[in-house]
Participant: 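Before we start, here is the structure in question, set down as structure tokens.
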Amino acid sequence: VVELAEAETLQYLLDDVAGKILPSITTVLWGDKDQAFSSHPFEDMLVRGGELLEMQALNPEEAFEACEENYEFNKKQMELLKKLFYLKLARPNEKIILNRTDIDVIGTQNVEGVDESRTSFAEIGIEWIDIS
């Protein structure tokens with residue numbers, strides 16, 4: 001996989017860095033539904049940009065705890081997070097629709113925040129009922 005990445009994929013993801021053309025990818029990840037692998041040890045991968053995926057690399061319980069701590073999710077938000085996680089896990093290709101109660105749990109009254117949340121949820125197949 002690493003050889004294929006270096007020979008093919010990385011050659012199309014290049015950036016000019018101080019006059020040198022270099023791959024813009026700094027670590028490679030691959031896996032299947034049960035395991036994930038990196039071209040670098042876990043700690044090195046995090047330093048090389050993998051911190052963007054740190055939350056996703058945690059087991060679910062650790063990720064739930066990290067959301068609660070890092071994003072200050074309240075109890076109802078944590079319940080919604082877990083509900084959506086397990087629904088999506090059980091039915092990855094089915095559309096999930098948030099009802100008014102679920103949307104209220106998200107907890108933003110800011111129009112821009114609501115729009116961004118709706119867009120982000122839609123990207124992973126979770127839609128909102130019309131709240132207009």
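Everything numeric here is computed off the predicted structure, so don't read it as measured data. Heavy atoms only: backbone and side chains are in, while hydrogens, waters and symmetry mates are out.
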Participant: Output all residues satisfying side chain to side chain contact (heavy atoms under 4.5 Å, CB included) with Ile124, sequence neighbours left out; order by chain, then residue number.
Facilitator: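 Listed in chain order: Ile126.
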Participant: Out of curiosity, does Tyr86 fall in the hydrophobic cluster containing Ile97 (side-chain heavy atoms, cut-off under 4.5 Å, transitive links)?
Facilitator: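 Hydrophobic grouping puts Ile97 apart from Tyr86.
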Participant: Is Glu112 atom CD crowded by more than 12 heavy atoms from other residues, nucleotides or ligands, each under 6.0 Å away?
Facilitator: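 Atom CD in Glu112 is not packed in, count stays at 12 or less.
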Participant: Going from CD1 on Ile103 to CZ on Arg118, what distance comes out if it is rounded to the nearest 0.5 angstrom?
Facilitator: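 So the gap between those two atoms works out to 6.5 Å.
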Participant: Sub-3.5 Å donor-acceptor pair from the side chain of Asn99 to the main-chain atoms of Thr101, do we have one?
Facilitator: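 Pair found, side chain donor or acceptor close to backbone of Thr101.
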Participant: Test of understanding: with ring-ring contact (aromatic ring centres under 6.0 Å, His included), list the residues that count as partners of Phe64, not counting sequence neighbours.
Facilitator: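 Per chain and number, Phe64 pairs via ring-ring contact (aromatic ring centres under 6.0 Å, His included) with Phe85.
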Participant: Please evaluate residues Arg100 and Asp104 with respect to the criterion side-chain contact (heavy atoms from CB on, under 4.5 Å), reporting the C-alpha separation (whole Å), side-chain torsions for both, the decisive distance (0.1 Å), and the verdict.
Facilitator: CA-CA 6 Å; Arg100 181 68 201 206; Asp104 289 344; 3.1 Å; yes
Participant: Sequence neighbours excluded and cut-off under 3.5 Å, please list the side-chain donor-acceptor pairs for residues 77-84, or say none.
Facilitator:
| unit_1 | atom_1 | unit_2 | atom_2 | d |
| --- | --- | --- | --- | --- |
| Gln77 | OE1 | Asn74 | N | 2.8 |
| Gln77 | NE2 | Val105 | O | 3.3 |
| Gln77 | NE2 | Ile106 | O | 2.9 |
| Lys83 | NZ | Asp102 | OD1 | 3.1 |
| Lys83 | NZ | Asp102 | OD2 | 3.0 |

Participant: Are Ile129 and Leu87 joined in one hydrophobic group, where the rule is that I, L, V, M, F, W and Y side chains link up if heavy atoms are under 4.5 Å apart?
Facilitator: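 Yes: a chain of side-chain contacts under 4.5 Å links Ile129 to Leu87.
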Participant: Under the rule for side chain to side chain donor-acceptor pair (under 3.5 Å), what residues qualify as partners of Asn110, not counting sequence neighbours?
Facilitator: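 For Asn110 there are no side chain to side chain donor-acceptor pair (under 3.5 Å) partners, ignoring immediate neighbours.
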Participant: Which heavy atom in Phe37 sits nearest to a heavy atom in Gly31, and how many Å separate them?
Facilitator: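 Of all heavy-atom pairs spanning Phe37 and Gly31, the closest is CD1-CA, 4.2 Å.
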Participant: Among all residues two or more places apart in sequence or in another chain, which pass the side chain to side chain contact (heavy atoms under 4.5 Å, CB included) test with Glu62?
Facilitator: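 With neighbours one apart ignored, the set is Leu58, Asn59.
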Participant: Grab the two heavy atoms, one from Met55 and one from Ala66, that are nearest each other, plus how far apart they are.
Facilitator: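 Minimum heavy-atom separation between Met55 and Ala66: SD-CB, 3.6 Å.
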Participant: Would you please name every residue forming a side chain to side chain donor-acceptor pair (under 3.5 Å) with Asp44, sequence neighbours left out?
Facilitator: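 If we apply the side chain to side chain donor-acceptor pair (under 3.5 Å) test to Asp44, skipping adjacent residues, there are no hits.
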Participant: Please give me the minimum heavy-atom distance between Asp16 and Gly19, naming the atom from each residue.
Facilitator: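 Distance-wise, the nearest heavy atoms are OD1-N, 2.9 Å.
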